[in-house]
Number of protein chains: 2
Amino acid sequence: MGHTRWLDESELGAFRAFTNAHALLYPRLNHRLKREFGLSGLQYEILARLSGAPGRELRMAELASALVNSRSGLTYQIGQMEKNGLVCRRAGAPDERAVFAVLTDEGLALLKRAAPGHVGLVRELLFDALTPQQVRALADGLGEASRRLTVGTACSPPATATATATATATDPGP
Amino acid sequence: MGHTRWLDESELGAFRAFTNAHALLYPRLNHRLKREFGLSGLQYEILARLSGAPGRELRMAELASALVNSRSGLTYQIGQMEKNGLVCRRAGAPDERAVFAVLTDEGLALLKRAAPGHVGLVRELLFDALTPQQVRALADGLGEASRRLTVGTACSPPATATATATATATDPGP
DNA sequence: GGGGCCAAGTTCAAATTTGAACAATAAGGA
DNA sequence: TCCTTATTGTTCAAATTTGAACTTGGCCCC
């Protein structure tokens, strides 16, 4: 087994496309969110997740795992958002270690203002370039890859990956 | 046009999968490169690109655009790599503004040691989870998205997107 | 042969991310 | 109960990224 199976042309193309699309798409999304709403991309996602959670709040650890982000990174961002009045923290009830991030009215209002344009841009920059089959292939293939990548990692039941997902770019709701 | 076309379930799943797969995959790849070879993911890519370039050298701007990275970020990384003897800089010949990053023998040797394991990990973590159809869909769909995202941005002819790509995860060559 | 304009690379400060270390708390068994 | 282990959220310093500003060179057209 001394030899390596290098990537063939198709795989290389896919890997490139995956990397490049990400590197091109996210800075664009983030730039607009920052410019128009003072939000980073991560902050938008935090707002979206919280808006879809029961009681508009989530534990720090849940949030971090749903966002696939480090706990320390989340601490930092929640700190920023708290300064801006978009969220606040609530001490845990049964488990005293817990800290809940709670969406404020102000945070929800900002999300509602930002969401349409954001989703529109995602559609314009990404989905308008994809056929329905490609969308399905993305969801299935990369979904499976994500699932495998998550195995062995601390995480809530896979429900999180799907259920929480529904909250992100959908109508923030009433 | 006051209403927004939100993402349907399939699109949302695809978007999530795309984001999550990226957020899960890259830290894993990067961590291993750093631990075993002292390289960041970006530095590995730089080595790979240079190894496939004629004369083992590329202009800073070409490299930055091929890697979809900012010029200042590249300046920083090339600086780090220069300190470690992996690359060196060469002043431009006809165009005096140009700076070429040149792969050193040491850099090439390190790439050759790192490449098999890196490619193996990419295969294990990503491609083993994908069917050939999904690989094609990724390449086609995200390739098209990348192309559109690149329009209006300073860039060399689209050749770069494909031609340069070939150098990345392939056999570093003799 | 100057003037205006654009591109290249670097610099810098500010923002963010990373990862290890830490304090506090839960959980489970001997 | 007491000890051992795992989890939570935070803190901290170091590394990296970001984006604007700046310097220098090419380019074009008059």
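All of these numbers come straight from a predicted model, not from anything done at the bench. So you know, we letter chains A, B, ... as the sequences are listed, proteins then strands, and number each from 1.
A/L63 has its CG atom 14 Å from the C1' atom of D/dT8, to the nearest Å. Distance, A/R59 CZ to D/dT10 C1': 14 Å, rounded to whole Å. Rounded to whole Å, the distance from CG on B/N69 to P on C/dG9 is 14 Å. Between the CZ atom of A/R35 and the P atom of D/dT18 there is a distance of 17 Å, rounded to whole Å. Distance NE2 (A/H31) to C1' (D/dT18): 10 Å, rounded to an integer number of Å. Rounded to whole Å, the distance from CD on B/Q43 to C1' on D/dT16 is 11 Å. Rounded to whole Å, the distance from CZ on B/F100 to C1' on C/dA8 is 12 Å. To the nearest angstrom, P of C/dT10 lies 8 Å from CG of B/L74.
The side chain of B/Y76 lies closest to D/dT16 when the candidates are D/dT16, C/dT11, C/dT17. Here the nucleotide nearest the side chain of A/R71, chosen from C/dT17, D/dG9, C/dT18, is D/dG9. If you check D/dG9, C/dA8, C/dT18 against the side chain of A/S70, the one that comes closest is C/dT18.
Of the side-chain N and O atoms in B/Q77, one or more sit less than 4.0 angstrom from OP1 or OP2 of D/dT17. A/T75 has a side-chain polar atom (N or O) that falls below the 4.0 Å cut-off from OP1 or OP2 of D/dT10. Of the side-chain N and O atoms in B/K34, none sit less than 4.0 angstrom from OP1 or OP2 of D/dA14.
Legend: salt bridge (charged side-chain N to carboxylate O under 4.0 Å, His left out) pairs involving residues 31-40 of chain A, not counting sequence neighbours, sorted by first then second residue: A/R32-A/E36. Annotation: side chain to side chain donor-acceptor pair (under 3.5 Å) contacts involving residues 97-111 of chain B, sequence neighbours excluded, comprise B/D95-B/R97. Residue pairs that meet the salt bridge (charged side-chain N to carboxylate O under 4.0 Å, His left out) test with at least one member in residues 116-134 of chain B, sequence neighbours left out, are A/E11-B/R123. For residues 69-82 of chain A, the set of pairs meeting the salt bridge (charged side-chain N to carboxylate O under 4.0 Å, His left out) definition, not counting sequence neighbours, comprises A/E82-A/R89.
For A/Y76, there are no ring pair (Phe, Tyr, Trp, His ring centres under 6.0 Å) partners two or more places apart in sequence or in a different chain. Every side chain to side chain contact (heavy atoms under 4.5 Å, CB included) that B/E144 has, sequence neighbours left out, goes to A/A129, B/R147, B/R148. Under the rule for a side chain to side chain contact (heavy atoms under 4.5 Å, CB included), the partners of B/E57 that lie at least two apart in sequence or sit in another chain are B/R90, B/F100, B/V102. Not counting sequence neighbours, the partners of A/A21 by the side chain to side chain contact (heavy atoms under 4.5 Å, CB included) test are B/F18, B/L142, B/S146. For A/D140, the side chain to side chain contact (heavy atoms under 4.5 Å, CB included) partners are B/Q134, not counting sequence neighbours.
Inter-residue side-chain proximity for A/I46 and A/L74 is flagged as met; some heavy-atom pair is nearer than 4.5 Å.
Taking a 4.0 Å limit (strictly below) on heavy-atom distances, residues 80-90 of chain B reaches DNA chain C at B/R89.
Side-chain contact of A/Q77 with A/Q43: a donor-acceptor pair under 3.5 Å is present, judged by distance alone.
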Give each protein N/O atom lying under 3.5 Å from an N/O atom of nucleotides 1-4 of chain D, with the pair distance.
none

**Message:** Counting primed atoms plus P, OP1 and OP2 as sugar-phosphate and everything else as base, spell out the protein contacts along nucleotides 23-29 of chain C at 4.0 Å heavy-atom distance: B, S or - for each nucleotide, 5' to 3'.
**Reply:** --BS---
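Between B/Y44 and B/H118, the angle of the ring planes lies from 30° to 60°, which puts this pair in the tilted group.
Residue whose closest nucleotide on DNA chain C sits further toward the 5' end, between B/S72 and B/P27: B/S72.
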